[in-house]
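Presented below is the structure to which this report refers.
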Amino acid sequence: MAAPSPSPHKPRRKAKRGGNGASVLNAHDQGIHSRTPSFPLAGFLWPARGVASEWELLPLILMAAGLFRWAAGLWGYSGFEKPPMFGDYEAQRHWMEITTQLPISQWYFHDLQWWGLDYPPLTAYHSWLCGKIGALINPTWFALYASRGSNDPILKIFMRATVLVSEYLIYVPAVVVFVRRFSRLSGVATWTSSVALVAILMQPATILIDHVHFQYNTVMLGFVTASMSSMLAGRYLWAAVFFVAALGFKQMALYYAFSVFAYLLGNCLFPRVNVSRLLGIAAVTAVSFALLVAPIVIGTLYDAARGIDSRPELDGPPPPLPIFQGITKYLDTDAIYYPIVEQLVQMVHRIFPFARGLFEDKVANFWCALNVAIKLKKYPSELLQRGALLATVASIIPPNLILFFRPRKLLLPLAFATTAWGFFLFSYQVHEKSVLLPLMPMTLLLAGNQGLTKNMRAWVGFANLLGCWTMFPLLQRVDLRVPYAVLTLLWAFLLGLPPTSLSAYFEEGSSLWSQWTTFFVHGFFYLAMGLWHVFEATLTPPPDKPDLWVVANVGVGAAGFSLCYLWCLWRLVVESEILPQKWVGKGTKPKTQ
Amino acid sequence: MAEIYPSLAQCAIVAAAFKILLFPAYKSTDFEVHRNWLAITHSLPLWDWYYEKTSEWTLDYPPFFAYFEWVMSQVAKLVDPAMLRVYNLEHDSWQTVYFQRSTVIITELLLVYALQMFVDSSHGASKRAAQAAAISILLSPGLLIIDHIHFQYNGCMYGLLIASMVLARNKSTMLMGGLLFAVLLCMKHIYLYLAPAYFVFLLRAYCLSPKSIFRIQFLNCLKLGGGIAAIFATAFGPFAIRGQIPQLMSRLFPFSRGLCHAYWAPNFWAMYSFVDRALIMLAPRVGLSVKAEALQSVTRGLVGDTSFAVLPDITPRMCFALTLVFQAIPLLKLFAQPTWDTFVGAVTLCGYASFLFGWHVHEKAILLVIIPFSLIALKDRRYLSAFRPLAVSGHVSLFPLLFTPAEFPIKTVYTIFWLVLFLMVFDHLAPASSTARFFLFDRFSTLYITVSIPLIVYCSLVHGVVFGKSYEFLPLMFTSSYSAIGVVGSWVGFLVVYFTS
């Protein structure tokens with residue numbers, strides 16, 4: 001193996017050639033020099049060390065990941081044969097129906113009781129494209145009204161294919177590029193980064209939600225990853241464009257917005273103020289947003305000119321705007337711009353449902369867990385909203401301040417993860433599935449420096465397995481226990497995690513005290529999860545507490561996720577070197593390392 | 001020697017996870033066949049098993065397989081007793097599906113065990129190659145498609161076959177190998193095709209002295225003969241007592257079927273039929289007579305009885321004779337040189353001969369060739385170059401077994417994944433040959449493998465778009481003719497390698 005070049009400029013190019021050349025410095029803890037692989041996934045790629053080039057390995061990895069996704073998709077989906085409303089699958093199919101069958105100005109207004117469109121415009125355009133392609137195969141799939149609740153098996157295959165293709169066009173390339181750049185920046189060998197890539201692609205939570213339960217989260221997550229990846233490459237304008245695309249696909253990307261903002265702004269101000277970059281980012285962001293809504297705006301104008309009403313069901317004068325009623329006074333409802341205002345206000349109203357409660361179902365976040373102790377319903381919703389806002393802000397300020405003052409590339413996944421955990425735990429209107437957002441950047445840590453060491457695997461794995469576990473009530477409602485069990489256990493097995501192995505907890509050379517603490521804390525949670533599954537399967541809850549198991553799930557989940565938040569924050573503090581070295585101490589990271 | 005990674009157990013775990021995910025996948029009538037056999041063996045007395053015909057899928061495997069079904073039915077009654085009623089045709093509750101699918105996965109552990117035996121029996125430099133070959137069999141797309149989607153128990157059967165071959169590798173366990181093969185014959189009689197190789201090998205290496213063929217080792221003969229007799233008595237004895245053997249045999253060997261199976265297995269007869277079809281167009285110009293009744297057969301070789309328009313018809317007797325001739329040729333060498341490698345080669349060639357020239361061969365039977373061949377494909381690069389076209393054509397020929405759109409990505413992507421992975425790995429691992437390779441053959445196989453890509457694209461996508469539902473036989477005919485060229489080509493190549501090494 002070649003020794004690392006002494007010049008600081010050369011290694012990045014050189015690393016391309018050799019399989020092992022890049023990471024001599026920290027190779028000892030990545031398992032590349034060890035005689036045996038330390039977890040099964042490394043065993044699977046073991047023969048490829050130094051032999052196979054990245055380009056031989058990558059197609060195989062992508063094929064294997066695709067096979068597991070497609071096979072998982074053979075199982076049922078959310079709302080399968082569950083009238084009257086069916087589920088997420090029907091929502092997505094219905095959006096393909098309305099976007100292909102109705103004039104663009106009616107998209108956000110059409111029959112809102114039946115899965116009215118409540119995602120940003122990029123989702124609508126994506127639905128339109130999928131709907132157009134699907135209609136070529138079978139037009140009845142998306143016939144207006146007649147197609148509602150369709151359970152055509154061929155339609156299911158088509159819908160599954162749209163998820164897979166969208167993911168392979170956006171999320172997968174983004175992750176592949178991110179892993180390459182991130183591991184190269186961290187000085188990790190190509191082979192090691194391939195192991196990390198498999199681990200990231202096989203992450204059970206995203207497969208379960210997108211390919212089994214049914215949604216298109218990976219498109220949004222892919223745009224966010226692409227945005228982070230552009231940040232790694234120093235392409236700030238592209239980062240802004242991709243992030244606008246993510247927001248335009250799913251408003252949930254707002255979880256990351258503060259980190260994107262903090263990083264981009266920090267990069268414009270430190271180490272020296274760079275006004276042209278700042279202006280460039282601002283301009284590109286504004287233009288991307290404009291492009292994003294342009295089809296809706298132009299379409300609305302065109303429809304208005306043709307005399308097509310956005311709400312044909314209603315007779316009489318146009319109803320008031322749903323929110324911002326105050327501004328109606330100052331607007332002329334007959335003016336040429338009024339349809340646009342109405343359209344955009346309706347869109348915002350649909351996307352941000354301020355009128356709903358603090359939390360929807362039982363979610364493993366702070367509020368839902370607190371609700372077990374104190375019945376939050378008795379407080380006015382104003383107060384609750386304000387409380388949620390304050391708590392969220394308090395939880396996301398520390399990571400974003402760090403990122404702002406230390407806008408370093410290697411801190412990105414940690415900062416994103418911490419911020420998203422903060423949002424997930426404390427914000428308003430959270431859904432179980434939102435746990436995918438903090439999990440994504442946290443899982444990307446596997447590709448970084450020491451990403452596959454035992455400690456890192458233990459924590460990333462803990463977050464992921466806990467995340468899947470909190471989604472179990474959601475999955476079992478539609479009989480998806482088998483794919484849940486298979487995919488989570490498989491991932492745990494591949495990464496050498498409990499319940500399949502305890503090997504991730506004991507490592508020579510780090511302090512015994514910290515090892516045992518991590519072991520006991522995680523062990524407690526894994527034990528709780530295991531016991532919970534046993535109880536849930538065998539005992540019916542007492543009649544006066546029908547939700548007992550779900551509540552227990554929420555409580556354990558919220559506690560575990562809080563730990564994950566704290567761990568990410570702590571790692572961020574340590575790795576940003578923002579505290580004086582002596583504070584962090586020689587016994588570096590009491591609990592975490 | 002250090003452990004080689006990934007281990008077979010690790011591969012088996014990941015493969016099992018994938019197979020469990022395939023539970024809801026398409027399942028063929030074979031699923032109902034096996035459900036019916038569970039019901040027959042569980043609810044009827046032994047002596048009715050081979051007479052029962054409520055379902056059209058009567059019991060047509062030998063008795064040990066029926067016993068095997070009976071054992072499984074003891075568990076099945078705890079899962080869903082409804083599946084054990086003979087009149088409960090087409091019963092497929094989710095419990096039944098989960099149960100039957102998981103029995104396939106669990107019984108396949110036998111294959112994992114046998115493959116581990118195979119790896120352990122190899123030593124030195126060849127151990128890595130043995131491990132790679134073992135994993136390639138374990139992850140074989142053939143087994144995945146046939147067992148875990150289409151539904152059958154080949155994993156378990158081939159486990160027995162490999163175990164018996166590995167046992168025959170050692171002088172001390174050779175007897176066990178032979179007896180195990182006898183057990184296998186009493187489970188599934190398709191393995192009779194391989195029996196000549198076992199017979200010659202055991203005769204020469206076990207029953208005759210290694211020094212001279214005229215010195216018979218009587219004790220060994222007694223042990224082997226007695227053992228085999230006892231096994232067959234256990235299997236067939238109960239039925240022989242009641243004089244049911246003729247009925248049993250008529251179930252096991254239904255000679256009334258046609259030459260080619262519903263879909264042409266990629267063998268010699270597929271090429272023969274293809275030439276016949278082509279000659280229909282040429283015959284008037286050359287002055288050959290075309291049989292009118294064959295022309296009118298609407299099925300055109302797709303269903304049942306194939307009759308030929310120009311070329312002479314084929315009888316079962318001719319198939320049988322051809323098979324025997326092409327089996328006998330490699331056996332001569334085995335008799336002269338009874339080493340284990342020659343034995344495996346002879347088993348492979350027996351599989352080839354029966355697949356290529358047999359009567360009413362099913363495309364699934366290609367595993368009879370691929371699996372024994374995999375054990376020696378890494379011996380050196382010449383073996384590998386004969387193996388390559390077989391690996392491609394054998395697996396591509398299985399595609400028509402699955403025709404539902406949901407399974408299409410699985411069968412194609414999995415097969416491509418397997419081919420890319422293992423042809424690459426094998427290429428790294430196979431040692432150079434001591435004798436010269438024939439380069440033309442390599443060119444042929446590269447060209448051949450390349451052609452598979454447009455062929456798959458045409459058969460699965462282009463044809464449907466251009467012709468819709470009409471001319472459905474075209475993609476099938478192309479697939480089977482293409483695969484037949486590959487199988488025949490690899491057979492010829494392997495014959496040369498076999499006789500020159």
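Just so it is clear, the structure is predicted and the values come from calculations on it, not from any experiment.
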For chain A, which candidate among [options] shows the most heavy-atom pairs at distances under 4.5 Å?
options	answer
Val420(B), Val14(B), Thr404(B)	Val14(B)
Ile410(B), Ile416(B), Val425(B)	Ile410(B)
Ala17(B), Pro405(B), Pro24(B)	Pro24(B)

In this structure, is the centre-to-centre distance between the rings of Phe68(A) and Phe18(B) below 6.0 Å?
yes

Taking side chain as everything from C-beta outward and backbone as N, CA, C, O, which of these in [X] sits under 4.5 Å from a heavy atom of chain B? Side chain, backbone, both or neither.
X	value
Leu489(A)	neither
Ala64(A)	both
Leu67(A)	both
Leu164(A)	neither
Leu490(A)	side chain
Leu494(A)	side chain
Phe44(A)	both

Say whether [X] and [Y], considering side chains only, have a donor N or O and an acceptor N or O under 3.5 Å apart.
X	Y	result
Arg93(A)	Ser147(A)	yes
Asp88(A)	Gln92(A)	no
His395(B)	Thr415(B)	no

Quick one, Tyr153(B) with His34(B), criterion ring pair (Phe, Tyr, Trp, His ring centres under 6.0 Å). Give me CA distance, side-chain angles, the key distance, then yes/no.
CA-CA 9 Å; Tyr153(B) 290 92; His34(B) 287 91; 5.1 Å; yes

Salt-bridge criterion met for Arg35(B) and Asp30(B) (N-O under 4.0 Å)
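Not counted as a salt bridge, because no side-chain N and carboxylate O are separated by less than 4.0 Å.
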
Flag yes if more than 12 heavy atoms outside Tyr448(B) fall under 6.0 Å of its OH atom; otherwise flag no.
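Correct, the count exceeds 12.
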
